[in-house]
2 protein chains.
Amino acid sequence: MTARSTNTGEGSGAQDPHRDIPEATVARLPVYLRVLTSLAERNIASCSSEELAAAAGVNSAKLRKDLSYLGSYGTRGVGYDVDYLSYQIAREIGVTHDWPVIIVGIGNLGQALANFSGFSSRGFRTVALLDAAEQMQGRTVAGLEVRPFADLAEIVAAEQVSIGVISVPATAAQDVADAMVEAGISSILNFAPAVLNVPPGVDVRKVDLSIELQILAYHESRKAAEADETVDNGSEEGITA
Amino acid sequence: MTARSTNTGEGSGAQDPHRDIPEATVARLPVYLRVLTSLAERNIASCSSEELAAAAGVNSAKLRKDLSYLGSYGTRGVGYDVDYLSYQIAREIGVTHDWPVIIVGIGNLGQALANFSGFSSRGFRTVALLDAAEQMQGRTVAGLEVRPFADLAEIVAAEQVSIGVISVPATAAQDVADAMVEAGISSILNFAPAVLNVPPGVDVRKVDLSIELQILAYHESRKAAEADETVDNGSEEGITA
DNA sequence: CGGACTTTGTGACCGCGAGAACAAACTCGC
DNA sequence: GCGAGTTTGTTCTCGCGGTCACAAAGTCCG
Ligand SMILES: NC(=O)c1ccc[n+]([C@@H]2O[C@H](COP(=O)([O-])OP(=O)(O)OC[C@H]3O[C@@H](n4cnc5c(N)ncnc54)[C@H](O)[C@@H]3O)[C@@H](O)[C@H]2O)c1
Ligand SMILES: NC(=O)c1ccc[n+]([C@@H]2O[C@H](COP(=O)([O-])OP(=O)(O)OC[C@H]3O[C@@H](n4cnc5c(N)ncnc54)[C@H](O)[C@@H]3O)[C@@H](O)[C@H]2O)c1
């Protein structure tokens, strides 16, 4: 999913034994962190891998292996300390401090994102909303004034922004991405249904609702086809045993 | 990502040689379809795998292999016919006809989704908006009246809905999912940051913005750390050759 | 203090998916 | 009609990721 390019030194190998957490694990760490936060809110101090895994919806062995990439933070025979593990995961992800984020394109979706409170509680702070449309200028959304797109570079520099969200129409997405990169942003979350071209070193993640729905539709089609077949063949339900 | 359970007959093996398209391929087919649609709009009749792959942002060999799962729809020495291939992909995904969809939770996000025009053009039709809150009842959003959550079963049955979207707070997500399944929905797109428990045969896909941002944050952290190291070690740029 | 029990951390195995390379098949020009 | 050129479809290999199973390590009770 991520268009993460290989490191700057293309051929260097760069096998620093420091840490290299598998991408699949990185994608699950936030889930674990959320579960742990929820446990902490219920004043649960300690927790086994089995319980954690169940709450996160994954296999317990997978969870243990994931956590082992960060170090040995559990106690055998007991489990994991909720607060301690939470902190370790947050530190690994890099959300012990807040990341400033900007949103470009304050339409339907952009406004919903700006109004969304879930970001601030999970390590992010929306510092600016930008839009190119004349009639959006000066309007206030979620307590922030909508600023002209031309101010992008200035804002990024002033607030040290490295993460940008794109919620403009697909046709404008590449232009916005180019401007973001030019301004110094190196991570982009893209909601527009467009393939973004970015230079090495810049990460792009895309969220595409139509694709998600179409994947569901595919499985629905097959379920329907399967059901038809089962009707034709008569019942196939496990009467074997 | 998908919590698709194994088929009804858990141990049956079900090796129907009919078709079994790899999940990774299924996730890319919608991207190809979008690219093809875009080409068709520009009156481009034919296209090589190389061009398609570039526009979709994937490797051309991978694209060819993906397409080969549907059959041999290309012409060697020429490429693919845009309209023909579009239709074949749409048929495989199952979006030659529209799928009725309902959205539950018409808050910030739900309203943005309801107002989003992109769904209808990609094989989906929002047939109902549901919300539990008293003050939402009777309001009209995107040309549809918001209906009480209690009407869920009735609507699903009347409109033959099999796909549901959840955009309620995380605490309510499991309840809504249960009700959806009870009503006969078998595919769920979940925006709430919660792990949903559903019976076998029901597909769930989740879209979690906080997780996406946290993954970006992780890579940002590492980029920052890397940059620090490079400064310490002096330049490491490819001077080797 | 020791043994039984619990739970972590990890080694081994397997299957999916990505990518490179190539043979087959088709078109087009002569 | 035929050869050169082009592009597909497929085979092979390799590495990542998921799962099982177990040894190591710690706790707790008698
Ligand atoms: N609304 C949804 O629920 C939804 C769902 C999935 C995907 N999307 C995607 O998200 C994007 C935005 O959707 P939306 O419904 O909010 O659209 P919208 O038309 O409501 O909003 C787009 C905003 O972007 C601004 N804009 C346009 N060009 C710009 C530019 N070059 N620079 C800065 N701002 C610019 C416009 O002024 C407008 O305010 C689209 O690509 C859409 O496909 C939206
Ligand atoms: N707004 C965003 O941009 C955004 C981004 C990421 C994730 N999310 C997630 O999407 C979900 C919705 O976010 P939101 O900002 O729209 O919240 P919101 O509070 O604005 O809207 C939630 C809506 O759900 C309704 N609701 C609550 N319980 C219900 C129930 N049991 N049955 C039916 N309806 C019910 C409420 O009446 C309300 O209208 C949340 O889980 C949130 O974490 C939102």
Side-chain angles (χ1 to χ4, degrees), chain A residues 1-6 10 13-15 17 19-29 31-32 36 44-82 84-85 88-89 92 215, chain B residues 1-6 10-11 13-15 19-29 31-32 36 44-82 84-85 88-89 92 215:
Chain A
M1 283 295 165
T2 311
R4 174 132 169 84
S5 57
T6 44
E10 168 92 76
Q15 45 155 352
R19 303 189 206 122
D20 79 314
I21 298 185
E23 197 55 34
T25 296
V26 172
R28 282 186 295 266
L29 289 180
V31 180
Y32 304 152
L36 287 167
I44 298 173
S46 158
C47 182
S48 77
S49 68
E50 205 71 48
E51 296 169 294
L52 269 184
V58 300
N59 185 293
S60 70
K62 181 156 47 173
L63 177 134
R64 285 199 300 276
K65 193 183 273 192
D66 284 342
L67 295 183
S68 76
Y69 287 113
L70 329 186
S72 288
Y73 296 135
T75 309
R76 299 180 188 218
V78 177
Y80 299 90
D81 180 271
V82 170
Y84 184 53
L85 185 57
Q88 292 301 338
I89 294 180
E92 192 66 39
I215 294 172
Chain B
M1 284 295 162
T2 311
R4 175 129 166 86
S5 58
T6 45
E10 167 92 76
Q15 46 156 347
R19 300 185 209 121
D20 80 313
I21 298 185
E23 198 53 35
T25 296
V26 172
R28 282 187 295 266
L29 289 179
V31 180
Y32 304 153
L36 287 167
I44 298 173
S46 157
C47 181
S48 77
S49 68
E50 205 72 48
E51 297 169 292
L52 269 183
V58 301
N59 185 293
S60 71
K62 182 157 46 174
L63 178 135
R64 286 198 299 278
K65 193 188 277 190
D66 283 343
L67 294 184
S68 76
Y69 287 114
L70 330 185
S72 287
Y73 296 134
T75 309
R76 298 179 188 217
V78 177
Y80 299 90
D81 181 88
V82 171
Y84 185 53
L85 185 58
Q88 293 300 338
I89 294 180
E92 192 66 38
I215 295 172

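Side chains are part of it too, since the values below use all heavy atoms of this structure and drop only hydrogens, waters and symmetry mates. Everything numeric in this text was worked out from a predicted model, so none of it was measured. Each chain gets a letter, A, B and so on, in the order the sequences are listed, and its residues count up from 1.
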Engineer: To the nearest angstrom, how far is B:Y80 atom OH from C:dC26 atom P?
Structural biologist: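 Answer to the nearest Å: 14 Å.
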Engineer: Check nucleotides 17-21 of chain C against the protein and report each pair of N or O atoms closer than 3.5 Å, with its distance, or say if there are none.
Structural biologist:
| unit_1 | atom_1 | unit_2 | atom_2 | d |
| --- | --- | --- | --- | --- |
| C:dA18 | OP1 | B:R28 | NH1 | 2.8 |
| C:dA18 | OP2 | B:R28 | NH2 | 3.1 |
| C:dG19 | OP2 | B:K62 | NZ | 3.1 |
| C:dG19 | O6 | B:K65 | NZ | 2.5 |
| C:dA20 | OP2 | B:N59 | ND2 | 3.4 |

Engineer: A:E51 CD to C:dT6 P: how many Å, rounded?
Structural biologist: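 Nearest whole value for this atom pair: 14 Å.
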Engineer: Once rounded to the nearest 0.5 Å, what's the spacing between atom OG1 of A:T25 and atom OH of A:Y32?
Structural biologist: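 Between A:T25 OG1 and A:Y32 OH, I get 7.0 Å after rounding to 0.5 Å.
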Engineer: Between A:V58 and A:D66, is there a side-chain heavy-atom distance shorter than 4.5 Å?
Structural biologist: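 No - every pair of side-chain heavy atoms lies 4.5 Å or more apart.
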Engineer: Which heavy atom of B:I21 sits nearest to which heavy atom of B:E92, and what is that distance?
Structural biologist: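 Result for this residue pair: CD1-OE2, 3.4 Å.
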Engineer: To the nearest Å, how far apart are A:D81 CG and C:dT7 P?
Structural biologist: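 In whole Å, C:dT7 P and A:D81 CG are 16 Å from each other.
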Engineer: Ignoring backbone atoms, test whether A:S49 places a side-chain nitrogen or oxygen under 4.0 Å from the OP1 or OP2 oxygen of C:dT7.
Structural biologist: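 No, because none of the side-chain N or O atoms of A:S49 sits under 4.0 Å from OP1 or OP2 of C:dT7.
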Engineer: Rounded to the nearest Å, what distance is computed from the CZ atom of residue A:R76 to the P atom of nucleotide C:dT7?
Structural biologist: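 One finds 14 Å between P of C:dT7 and CZ of A:R76, rounded.
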Engineer: To the nearest 0.5 Å, tell me how far A:Y80 OH sits from A:R64 CZ.
Structural biologist: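 That separation rounds to 7.0 Å.
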Engineer: Which pair of non-hydrogen atoms, one from B:C47 and one from B:V82, has the smallest distance, and what is that distance?
Structural biologist: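 Heavy atoms of B:C47 and B:V82 come nearest at CB-CG2, 4.1 Å.
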Engineer: Atom CG of A:L85 and atom P of C:dT7: how far apart are they, to the nearest Å?
Structural biologist: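 After rounding, the gap between these two atoms is 16 Å.
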Engineer: Show the nearest heavy-atom pair for residues A:S60 and A:S49, with the distance to one decimal.
Structural biologist: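 So the two residues come closest at CB-O, 4.1 Å.
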